[in-house]
Structures are given as structure tokens and as C-alpha cells.
Amino acid sequence: MRSRQISCCFTGHRPEKLPWRYNERDPRCLSLKQRIAHAAEAAYEEGYRHFLCGMALGCDLYFCETVLALRQHHPDITVEAAIPCPTQAGAWALDQRERYETLVRSCDFETLVSAKYTPYCMQRRDRYMVDHASLLIAAFDGTPGGTQYTMQYAMSRELSIVDLPLVTQAP
């Protein structure tokens with residue numbers, strides 16, 4: 001059993017809510033990825049060794065890629081893919097689905113939170129991550145949705161939160 005005290009989870013927006021959408025070469029996206037890397041490294045330095053990721057398009061996949069890269073330098077890191085349902089990536093574009101499948105295979109653990117899709121399986125996944133962590137790293141722009149829900153739930157569970165505000169204006 002992985003300890004909540006040494007576990008960190010992540011929440012962030014999907015591409016549809018990001019100002020750069022799917023353009024990961026946008027300077028704002030590159031900046032966010034760098035801030036995610038710094039936050040993950042800082043979490044490691046604070047003693048966090050287990051990282052949970054919800055594996056959604058956009059920020060979740062950035063986080064997963066970052067932590068998997070960090071694991072190359074710190075082999076005591078474990079990464080858990082918290083998957084809301086078996087069909088999570090089923091309707092994604094082929095390149096994103098392949099990216100997802102590669103990342104899931106690279107994780108140390110895969111937790112399927114719901115045996116089938118339901119209208120609430122994403123929130124159930126988010127609660128699972130928060131309930132198994134003591135730190136939340138969040139890339140949040142203040143808009144309503146799943147990221148806001150996860151942050152509010154984390155606050156109610158008294159998790160420490162590292163907020164990485166999204167830069168919405170182009171440089």
C-alpha cells in the first residue's frame with residue numbers, strides 16, 4: 001500500500017480549455033510544462049515518491065510525461081495511472097491515444113476506478129487520487145469544471161496545493 005503522506009496527485013485542464021489547445025509548441029504551453037517539472041522536482045525534494053495521474057488529455061499527460069522523465073533520475077519514484085473507465089481514450093485522435101497507451105504502459109501501477117463509463121467516473125477518479133495523496137499540483141485558470149471540482153475536493157480533504165496558474169495571454 002502506497003502511503004498518502006508520500007503521494008502527490010495532479011489536476012489540470014484538457015486542451016479545449018487551454019488557450020493553446022493542442023499546440024504544445026506554444027510558449028505558454030512550454031512554460032507550463034517547465035513549471036510542472038519544477039513543481040514535481042520540488043515535490044520529490046520534499047519527500048514525495050508516488051505520483052498519481054488521471055491520464056486525461058492535456059495537462060494530465062504533460063504531468064505524466066514529466067514525472068516519468070523525473071523517474072529516470074530518481075528510480076525510487078513510482079507513477080500510478082488512475083484511469084476513470086476502460087474507454088477513457090477510445091474516442092481520442094490516434095496520436096493522442098497512442099501517447100496515452102505508451103504512458104499507461106510506462107507507469108508502475110494502473111488503477112481502473114470504474115469498470116465502465118458512467119457520468120460520474122471522472123469525478124470518482126479525481127476523488128480516488130485526492131484520497132490517496134497529501135499534495136495536489138494544479139494547473140488551473142479559475143473556470144468551472146473538473147479541475148475546479150478536484151481542487152475544491154482537495155481543499156475539503158486538507159491537501160497541500162501547489163497552484164500553477166495558466167498564462168492565458170500570448171507573450
Side-chain angles (χ1 to χ4, degrees), residues 4 7-40 42-43 48 50-67 79-93 95-97 99-100 103-104 107 111-171:
R4 184 175 188 210
S7 298
C8 170
C9 63
F10 178 82
T11 191
H13 296 296
R14 292 188 175 105
E16 293 76 21
K17 280 192 155 182
L18 298 170
W20 54 85
R21 312 229 351 128
Y22 287 90
N23 179 10
E24 293 184 37
R25 292 185 309 268
D26 185 288
R28 295 165 294 182
C29 182
L30 296 173
S31 171
L32 176 61
K33 288 181 177 184
Q34 184 175 40
R35 290 183 293 135
I36 289 170
H38 290 312
Y48 292 90
H50 184 68
F51 294 82
L52 297 105
C53 182
M55 306 306 292
L57 283 171
C59 293
D60 280 10
L61 296 187
Y62 307 164
F63 178 75
C64 188
E65 289 167 340
T66 297
V67 176
V79 185
E80 179 177 357
I83 299 172
C85 64
T87 58
Q88 178 176 19
W92 296 0
D95 63 328
Q96 293 297 324
R97 201 166 54 244
R99 180 184 191 182
Y100 166 88
L103 291 173
V104 170
C107 290
T111 301
L112 184 61
V113 179
S114 183
K116 63 179 182 162
Y117 174 81
T118 71
Y120 305 103
C121 67
M122 305 298 175
Q123 289 178 340
R124 186 172 177 201
R125 181 259 335 262
D126 297 340
R127 288 191 310 270
Y128 169 84
M129 291 190 307
V130 168
D131 289 343
H132 289 84
S134 60
L135 174 67
L136 172 69
I137 298 173
F140 182 52
D141 68 0
T143 59
T147 301
Q148 180 185 49
Y149 170 85
T150 305
M151 287 190 67
Q152 289 172 340
Y153 186 68
M155 287 185 264
S156 77
R157 303 287 291 170
E158 300 182 350
L159 265 68
S160 297
I161 297 175
V162 173
D163 187 17
L164 307 175
L166 291 179
V167 176
T168 57
Q169 299 298 318

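Remember, it's a predicted structure, so these values are computed and weren't measured experimentally.
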Point to revise | Note, Arg99 side chain near Trp92 side chain (heavy atom, < 4.5 Å) | key: no

Check your understanding: CD of Glu65 to CG of Leu61: how many Å apart, nearest 0.5 Å?
Key -> 6.5 Å

Review point. So, the side chain of Thr118 versus the backbone of Cys121: is there a donor-acceptor pair under 3.5 Å, distance only?
Key: yes

**Study point:** Residue from Tyr120, Tyr149, Tyr153 passing side-chain hydrogen bond (donor to acceptor under 3.5 Å, both in side chains) with Arg127
**Key:** Tyr149

Revision key, fill the gap. Between Arg125 and Ile83 the two heavy atoms that sit nearest each other are CG-C, 4.3 Å

**Study point:** Minimum-distance pair of heavy atoms, taken over all atoms of Ala39 and Val162
**Key:** CB-CG1, 4.3 Å

Review point. Does the side chain of Lys17 come within less than 4.5 Å of Thr147's, by heavy atoms?
Key: no

Review point. For Glu158, does the CD atom have more than 12 heavy-atom neighbours from other residues, nucleotides or ligands under 6.0 Å away?
Key: no

Review point. Between Tyr48 and Ser134, does a side chain to side chain contact (heavy atoms under 4.5 Å, CB included) hold up when you go through it step by step?
Key: CA-CA 9 Å; Tyr48 292 90; Ser134 60; 3.3 Å; yes

Practice item. Tell me, with the steps shown, if Val104 and Cys107 meet side chain to side chain contact (heavy atoms under 4.5 Å, CB included). Key: CA-CA 5 Å; Val104 170; Cys107 290; 5.6 Å; no

**Study point:** Closest heavy-atom pair and its distance - Asp60, Gly54
**Key:** OD2-C, 3.3 Å

Study note, to complete from the structure: For Ala56 and Arg14 the tightest heavy-atom approach is CB-NE, 3.6 Å

Review point. Which heavy atom in Thr66 sits nearest to a heavy atom in Lys33, and how many Å separate them?
Key: OG1-O, 4.4 Å

Revision key, fill the gap. Contacts satisfying ring pair (Phe, Tyr, Trp, His ring centres under 6.0 Å) that involve residues 8-39 (not counting sequence neighbours) are Phe10-Phe63, His13-Phe140

Check your understanding: Is the closest side-chain heavy-atom distance between Met151 and Gln148 below 4.5 Å?
Key -> no

Exercise for review: Drop me the distance from Ile36's CD1 to Tyr62's OH, to the nearest 0.5 angstrom.
Suggested key: 8.0 Å

Review point. Are any of the side-chain heavy atoms of Cys9 and Val130 separated by less than 4.5 Å?
Key: yes

Check your understanding: For the atom pair CD1 (Ile137) and CG (Leu159), what is the distance rounded to the nearest 0.5 Å?
Key -> 11.5 Å

Check your understanding: Do Tyr128 and Pro84 come close enough that some side-chain heavy atom pair is under 4.5 Å?
Key -> no

Point to revise | Interatomic distance, Leu136 atom CG to Cys8 atom SG [nearest 0.5 angstrom] | key: 7.5 Å

Revision key, fill the gap. Here the pair of heavy atoms bringing Met129 nearest to Ala82 is CG-CB, 3.7 Å

Practice item. Please check if the side chain of Gln88 supplies one atom and the backbone of Met55 the other of a donor-acceptor pair under 3.5 Å. Key: yes

Check your understanding: Just how far is it from atom CG of Asp126 to atom CG of Leu52, taken to the nearest 0.5 Å?
Key -> 11.5 Å

Review point. Between the main-chain N or O of Leu166 and the side-chain N or O of Arg35, is there a donor-acceptor pair closer than 3.5 Å?
Key: no

Exercise for review: Would you indicate whether the side-chain heavy atoms of Leu18 and Cys29 approach each other to under 4.5 Å?
Suggested key: no

Point to revise | Pro86 vs Leu112 side-chain heavy atoms within contact, under 4.5 Å | key: yes

Review point. Would you say the side chain of Glu80 lies within less than 4.5 Å of the side chain of His132, judging by non-hydrogen atoms?
Key: no

Check your understanding: To the nearest 0.5 Å, what is the distance between CG (Leu164) and OG (Ser31)?
Key -> 9.5 Å

